[in-house]
Trainee: 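I have a structure I would like to understand better, so I am pasting it below and will then ask my questions one at a time.
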Amino acid sequence: MLRTAFKTKAVKRSAGMVTAVLLAFSPLFYFNASAEAGETDFLYEKGIRIGVGTGTMSEQFVREELPDAQLFYYGKYEGYKAVEEGRLDAYLYEKKQMEIAIKNGVSGVRVLDSTVGESVSIALGISEYSEIPDLEKKVNGFIAEHKADGLLDDMYERWVMKGDYTMPDIESPSSPKYTLKVGTAGDVEPYSFYSGDTITGYDIELSRRLALYLDANLEIVPYNWDSIVPACQTGKVDIVSSNLNKTPERAEVITFSDDLFTVENGVMVADNGAGETAPVSLRDYNGKNIGVIGGTPTEDAAVKAFPDSKLFYYNNYHDLNAALLTGHIDAYTADEAEIISIHKEQPEIDYIDEYISYDEYSFGFKKDDDRAAALCSEFNDFLARCRSDGTMEELREVWFGEDEARKTVDMSVLTGENGKIKVVTTSADMPYSYIKDGKNVGYDIDLTVRFCKERGYSLEIGDTDFTGRIPAVQSGKYDFSTDMRVTPERMEEILFSDPTDSGGIVLAVKASDLAIASEAVSERSFWVSLKESFEKTFIREDRYKLFVSGIITTVLITVLSIVCGTVLGFVIYMLTRKGNRAANAAAGIFVWLVQGMPMVVLLMILYYIIFAKANISGTAVSVAAFTMVFGSGVYGMLVSGVGAVDKGQTEAAYSLGYGDIHSFFRIILPQAIPHFLPAFNAQVITLIKATAVVGYIAVQDLTKMGDIVRGRTYDAFFPLISVAVIYFVLGGLMTVIIKNIRFLADPKKRSREQILKGVKTDDKDQRS
């Protein structure tokens, strides 16, 4: 999908290839020469780049027979293009379809005469949830009958062998009792494809004849190829009729009919361009320093694709961008959609036009939970309708397109008569979820809002890093997460919806490392870049408002934590000051636990475990966590500060008739305050800086807002500098306030008038 949307990039890249020097040394030249002599022997060469379709018999063949090959996943047309441009050394697919593609205009490639692997059986996929009784038995009866009378052979001869694309007249059912829903891809010529705005082909004729045989109405439902088997598995369609390979993996999730026919897998290689390889490829980066976001599939992809490389771990893409541009890493793995957005904002960063892996994305729900399962089913029904009525394509056009005016999301239309939905996302994941004009927008957000509008929900959006989204769903804090890559490990943790999108992982590199370094990079001066950076960070889309909002949240958390923490620490001290063993033991355990635990761990324990079922905001949890930390600090300050006051002061107070409480508050505490105020000031500054981690529990503080802006602009300079300056200012203001408090509280700083207040100094007054 994304490859089609951005073909100009690939064309530009191929136009800039330097071929003369590489010709004699190109691996592809060797491979093609081998193919001339020994046909498919070159496939067994170590390191060869072979493309296949996901879930096909070609994939199984490569995995079992070609262990030394590098396996890449491409749709067929993207695979053809990758071979033409030298990003793949070969593409394995059904031979007849590749020959038809060349006949229809695909250039720069050719199909070898030899085939690979065993013949592949083609069959219909049958859903076990169909409302049509005995569907499997009836479908197999239909196939057996028309194999016997030669109809299936005739259809194959016309559509596949002769290329006769004339759909015969087929009568309609006389008294239909059911509707046969048939899922098909619509882009598998000559089996299922569009002629104008009409879908036609071998599989369509087969479906029409099957509907007549079953005396059922026919509904053709076009799907993206990656979604067609899940649609059959979940009962969204009754059968799949789309030149479906009969593979063992698919047989585990759907039922196959008897075979319709068999096909041979062929090999496509480059033609008339033997030495034209890309200036750089994935293989060139094995052994170099590769950046990854820890705990994500991009890390897994890097481990597999670059076994000799050293991996460096980062939390988000903006940190990866900064590391790449400053030379700390040579490249990093990322989702292609993200890199396309990054390249628009930062031409200095580009990517190798070659997939490392290709997967599906889905929304994540809490596993083993009846309410979450019901909501997931409701969401899947919504997705099915969106696919059938063209909503999904509309969303792709908007959010993967160039028209910024269309990229808006209106949440005011949500009525909420059926309750509230809480969704967690990462607002630095363009084009899926990001902040624009101070509002949450993106492909995922638009899809979620449409779902809530249709089902009568209001919506609350939480924001956290990638690593915090699964715990947020598992704990029940949020009803579901926006889309994430579906992996076996994640499937053990959460319940995934039907696919909402698909995409690949690519390798981001400096544009200067490619043969087509952007002209924009070389022409922009430092001052122009600085001006553009300032404008993108603060002016564009009124992003300064994000910083203002973040400052308010940070100050709110800080001030409330200082006040509540001071009270908490003081109360604990008052309970323990007389040496009560139980109180002192409890206080010691409390201080030990709080001070010995990393702040981010404490936050996540409170948010995802202790308050998991409570309807408490992340801001409130943050205040609770920092109150505990600050309170333990204040308790320690009081212990040391009061301990610095001479015990004789207490005895003197008692001798003057003061009680315990009065002596403490009027005599001891005023003398203790100057002793611990410097430590109190340092604790306040530490607290302000420590609040920077609250983004882990979906709080949009100053640091988080800086990350959001960086994620939107892909520029680290001004967002980071601005955040640092603001923290310095906040710390400075707090220091000034505490210094004034310290001055007022220090007896040595009092004026003569304050010291002698209430004391008679006039001798006459004294004599009188």
Side-chain angles (χ1 to χ4, degrees), residues 2-3 13 22 25-28 31 43-52 54 59 62-63 66-74 78-79 82 85-90 277-340 342-343 348-359 466-467 484-485 487-490 503-515:
L2 292 173
R3 297 279 168 173
R13 180 165 295 163
L22 299 175
F25 303 97
S26 168
L28 189 56
F31 293 154
L43 295 174
Y44 294 85
E45 293 288 339
K46 186 174 182 178
I48 186 173
R49 300 166 298 171
I50 299 179
V52 298
T54 304
E59 176 189 3
V62 175
R63 290 190 179 280
L66 307 175
D68 294 329
Q70 295 185 70
L71 182 61
F72 299 96
Y73 294 95
Y74 283 91
E78 290 80 9
E85 295 175 353
R87 291 180 281 114
L88 287 179
D89 301 316
T277 58
V280 291
S281 69
L282 293 177
R283 285 186 290 183
D284 297 327
Y285 282 82
N286 189 27
K288 295 190 176 183
N289 295 334
I290 306 296
V292 298
I293 296 178
T296 67
T298 59
E299 177 190 358
D300 298 334
V303 170
K304 295 176 182 177
F306 309 106
D308 299 328
S309 293
K310 182 178 181 181
L311 300 187
F312 293 82
Y313 292 84
Y314 296 86
N315 291 325
N316 46 56
Y317 284 120
H318 13 285
D319 292 339
L320 285 167
N321 293 335
L324 177 62
L325 293 178
T326 54
H328 290 90
I329 56 176
D330 299 302
Y332 66 83
T333 52
D335 292 314
E336 184 186 33
E338 186 75 26
I339 296 305
I340 288 172
I342 290 172
H343 181 68
E348 300 93 337
I349 296 176
D350 209 328
Y351 70 101
I352 296 174
D353 205 8
E354 182 179 341
Y355 283 142
I356 299 173
S357 66
Y358 195 87
D359 300 287
F466 289 103
T467 53
M484 61 184 75
R485 195 178 301 274
T487 67
E489 292 78 13
R490 288 176 174 175
I505 294 176
V506 296
L507 189 69
V509 298
K510 291 182 183 177
S512 57
D513 291 341
L514 301 176

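A quick note: this is a predicted structure, and the numbers were derived from the prediction, not measured.
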Trainee: Which residues pass the side chain to side chain donor-acceptor pair (under 3.5 Å) test with E299, not counting sequence neighbours?
Mentor: Y313
Trainee: Find out whether F306 and I356 are in side-chain contact, i.e. whether some heavy atom of one side chain is under 4.5 Å from a heavy atom of the other.
Mentor: yes
Trainee: Atom NZ of residue position K304 - does it have more than 12 heavy atoms of other residues, nucleotides or ligands inside 6.0 Å?
Mentor: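 Counting neighbours around NZ of K304, 12 or fewer heavy atoms of other residues, nucleotides or ligands fall under 6.0 Å, so no.
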Trainee: Short question: side chain of D68, backbone of E45 - any donor-acceptor pair under 3.5 Å?
Mentor: no
Trainee: Would a distance-only check, ignoring hydrogens and angles, find a side-chain to backbone donor-acceptor pair under 3.5 Å from N286 to D308?
Mentor: yes
Trainee: Can you find a pair of side-chain heavy atoms, one from Y332 and one from I349, that are under 4.5 Å apart?
Mentor: yes
Trainee: How far does CG of L282 sit from CZ of R87, to the nearest 0.5 angstrom?
Mentor: 10.5 Å
Trainee: What heavy-atom pair brings V506 and E336 nearest, and what distance separates the two atoms?
Mentor: CG2-CA, 3.8 Å
Trainee: State, yes or no, whether a side-chain contact exists between K510 and L324 at a heavy-atom distance under 4.5 Å.
Mentor: yes
Trainee: Quick check for you: to the nearest 0.5 Å, what is the distance between L88 atom CG and I48 atom CD1?
Mentor: 9.5 Å
Trainee: With rounding to the nearest 0.5 angstrom, report the CG to CD1 distance, L43 to I50.
Mentor: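 One finds 5.0 Å between CG of L43 and CD1 of I50.
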Trainee: Can you measure from CG (D300) to OG1 (T298) and round to the nearest 0.5 angstrom?
Mentor: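 Answer for the CG-OG1 pair, D300 versus T298, is 8.0 Å.
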Trainee: Taking only residues two or more places apart in sequence, or in another chain, which ones meet S309 in a side chain to side chain donor-acceptor pair (under 3.5 Å)?
Mentor: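 S309 satisfies side chain to side chain donor-acceptor pair (under 3.5 Å) with no other residue.
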Trainee: Give, for atom CG of D330 and atom CG of N289, the distance between the pair rounded to the nearest 0.5 Å.
Mentor: 5.0 Å
Trainee: Got Y351 and L507 here, is their nearest side-chain heavy-atom distance under 4.5 Å?
Mentor: no
Trainee: Can you list the residues that meet the side chain to side chain donor-acceptor pair (under 3.5 Å) rule with Y73, with sequence neighbours excluded?
Mentor: E59, R63
Trainee: Answer yes if the ring centres of Y355 and Y74 are under 6.0 angstrom apart, and no otherwise.
Mentor: yes
Trainee: State the CD-CG distance between E338 and N321, to the nearest 0.5 angstrom.
Mentor: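 Interatomic distance, E338 CD to N321 CG, rounded to 0.5 Å: 8.5 Å.
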Trainee: Contact between V292 and F312 at the side-chain level, heavy atoms closer than 4.5 Å - yes or no?
Mentor: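 Result no, sub-4.5 Å side-chain heavy-atom pair not found.
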Trainee: Looking at R49, is its backbone amide N or carbonyl O close enough to the side chain of D89 to form a donor-acceptor pair, meaning the two atoms are under 3.5 Å apart?
Mentor: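 Yes, the answer is positive, given that a donor and an acceptor are paired below the 3.5 Å cut-off.
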